Structure formats: structure tokens, C-alpha cells
Amino acid sequence: MNLEVVNAVGSGDLGIEIDLNRLATDVKEVEFDPDKYPGAYVRLEGVEPLITVYRTGKYIITGSKSDEEAYSCRKQFLKLLTDEGVLGEPEDEWFSMQNYVCTGELDQVQNLNALAIGLGLEYTEYEPEQFPGLVFRPDDTPVVILIFSSGKVVVTGAKDIDMAEEAFQSLKEDLDALV
DNA sequence: GGGAGAAAAACCTTGCCCGTATTCTTAG
DNA sequence: CTAAGAATACGGGCAAGGTTTTTCTCCC
């Protein structure tokens, strides 16, 4: 309910080892600096999400606004590898979404100090000196919700959108019960 | 002083955690 | 930058545990 996905992360496996140095020299869309990070970055033309590939063949796609966008990006990535002769049969590898980051808004402005107590100090972290948002970790879900005094919220850690929606809905019910 | 055994110290391997990098939003 | 999440991997550092080596005690 009224949550907007702002970032989706997915991961997959090509099933074969990749020579990142060769890939970086052969393909202009690939950036690789092993001294800074072991993964190689692939920025496809006209594609928003970023693909990070590793020597092992595992890869992650970050920055998608939806799972459709992530899957589309993956498709183009596989095509690129196939065209480059790196991949033979791209059918047998998997890909799945790992995390959704969403933004939402609560009806009224929040008093975070009171909210921390209301939601339970054992489930919340609020240190305005360090970070302006209240971190809420419900015990019945792996989802984490950041609540700001403006009423804006960030829901993260969900494996799927329903999980995020449920956690947000649950938070709203908790808030109604507190009034 | 030398041999046996135990205790201590030195050494080395393993494992785990952290930082490194990426995305994206929120807001002091 | 601070904080959160998730996947991914690699080097470094520290701790712990295990093994080897050195030292020391006891007694003949």
C-alpha cells in the first residue's frame, strides 16, 4: 500500500568462471580495478541498473526500480556475454531478487522520541545525533523500517514487495493503536 | 651432566570479522 | 558522511587453537 520501490537488488550465477581482465579489455562497458574491488562493473548503454560480476561467475544487479527492470537488465547482460562469446548456454543459470528498498509516508508527523518508546525500545534505535531517522526492527519480519520526523519512511530488507507492504501496514496499525 | 617428563614459550595455521565497492531513499 | 539492507569477493588483521620447540625440574 502506497509504497514505492526506489531500488531493487537481484543476484544470479552464470555457472562459469569469468576472466574479468579479458572481459574488461574486450568490452568497453566493463570496468575492472581489482585493487579497489574484486568485482567488475558493467554499465550497459541506456540501462539504468548496474551489474557487478565476479570471477566466480556470480553477479548482482543494483539500482533497478522494479523486478521487471532487473530481469530486463539481466537479459541484456546475458546477451552481451553471449555475443562476446563468453557465454554459451545462458539457460541453466538462476537469478532472483534479494532486496527491495521502498519509500513511503505516514499521515502525520512523528515525534520520534515518543515513537521509540511506543514501538518498544527493544525494537528501535534512535540516536538523532548520529542519524536523524529512527530504526525500527519488527520482530516478526526481517524487514527494517527507517522512520523520520517528517513522516517519511524507508522500508528495506524485503525479499519481495509483499513483505515490504506487510511490514509497512503492520507499522501503521501499530501507530493507530498507540493513539 | 644426561635422560625423561612436564611445563612454558614460541610459532604457525585457520577462521572470522572488517573494510572495500554498489544502489537508493530519508534528513540532520 | 551518518544508518539500513542484500548479494558478491578479496586482502588484512586479530584472535584462537593446535603443534612444535625450547626450557626447566627432578633424579639417577
Side-chain angles (χ1 to χ4, degrees), chain A residues 2-21 23-24 29-44 47-74 77 81 93-113 115-116 119 122-168 171:
Chain A
N2 60 37
L3 273 186
E4 183 194 350
V5 177
V6 294
N7 178 36
V9 180
S11 64
D13 189 354
L14 298 172
I16 57 169
E17 278 217 7
I18 302 295
D19 182 340
L20 300 180
N21 278 307
L23 191 66
E29 291 92 339
V30 181
E31 266 181 75
F32 183 44
D33 185 354
D35 292 327
K36 286 189 66 182
Y37 192 67
Y41 303 120
V42 184
R43 290 174 194 280
L44 268 27
V47 176
E48 271 298 303
L50 168 73
I51 303 156
T52 308
V53 206
Y54 300 88
R55 191 210 72 242
T56 59
K58 298 261 184 79
Y59 64 96
I60 58 184
I61 295 181
T62 55
S64 299
K65 287 279 182 286
S66 65
D67 54 350
E68 287 83 4
E69 189 180 9
Y71 275 88
S72 167
C73 175
R74 161 193 178 245
F77 172 52
L81 294 179
E93 43 75 42
W94 54 273
F95 181 77
S96 60
M97 301 312 290
Q98 303 297 339
N99 181 33
Y100 282 94
V101 181
C102 313
T103 55
E105 198 162 355
L106 295 170
D107 298 329
Q108 60 190 85
V109 174
Q110 304 297 315
N111 175 323
L112 301 183
N113 282 305
L115 195 56
L119 290 173
E122 62 270 44
Y123 303 119
T124 59
E125 280 175 42
Y126 179 48
E127 289 175 57
E129 301 291 310
Q130 190 168 44
F131 188 69
L134 179 156
V135 179
F136 177 45
R137 297 170 201 279
D139 63 353
D140 57 341
T141 172
V143 175
V144 175
I145 303 177
L146 306 182
I147 306 169
F148 298 85
S149 58
S150 63
K152 294 269 188 66
V153 304
V154 173
V155 180
T156 188
K159 285 277 185 216
D160 54 71
I161 299 174
D162 285 341
M163 196 183 276
E165 298 280 5
E166 282 170 26
F168 185 45
L171 166 66

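Note that the structure is a prediction, hence the values are computed from the model and not measured. In what follows, every chain begins at residue 1, and chains take the letters A, B, ... in the order their sequences are listed.
- Every residue two or more places apart in sequence or in another chain was checked for a side-chain hydrogen bond (donor to acceptor under 3.5 Å, both in side chains) with A:Tyr71, and none qualifies.
- For A:Tyr54, the side-chain hydrogen bond (donor to acceptor under 3.5 Å, both in side chains) partners at least two apart in sequence or on another chain are A:Tyr37.
- Around atom CD of A:Glu105, more than 12 heavy atoms belonging to other residues, nucleotides or ligands sit under 6.0 Å away.
- For the pair A:Asp160 CG and C:dG5 C1', the computed distance is 14 Å after rounding to whole Å.
- None of A:Thr124, A:Leu119, A:Val135 except one satisfies the side-chain contact (heavy atoms from CB on, under 4.5 Å) rule with A:Ile147; the exception is A:Leu119.
- Remark: A:Asp140 engages no residue in a side-chain hydrogen bond (donor to acceptor under 3.5 Å, both in side chains) (not counting sequence neighbours).
- An end-to-end axis angle of 60° holds for the helix from B:dG1-C:dC28 to B:dG28-C:dC1, taken from five base pairs per end and rounded to 10°.
- Take A:Tyr59 and apply the ring-ring contact (aromatic ring centres under 6.0 Å, His included) test, not counting sequence neighbours, and it matches A:Phe77, A:Phe95.
- Within 6.0 Å of CD in A:Glu122 there are more than 12 heavy atoms belonging to other residues, nucleotides or ligands.
- Residue A:Glu4 is out of contact with every strand shown, counting any heavy-atom pair closer than 4.0 Å.
- Annotation: side chain of A:Arg74 is in contact with side chain of A:Glu93 (closest heavy-atom distance under 4.5 Å).
- Taking atom CZ on A:Phe32 and atom P on C:dA9, their separation rounds to 13 Å, with Å as the unit.
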## Note on the structure
A correct 5'-to-3' footprint of nucleotides 18-28 of chain B, with B, S and - meaning base, sugar-phosphate only and no protein heavy atom under 4.0 Å, is --BBBBBBBBS
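- Looking at heavy-atom distances under 4.0 Å, A:Thr156 makes contact with a base.
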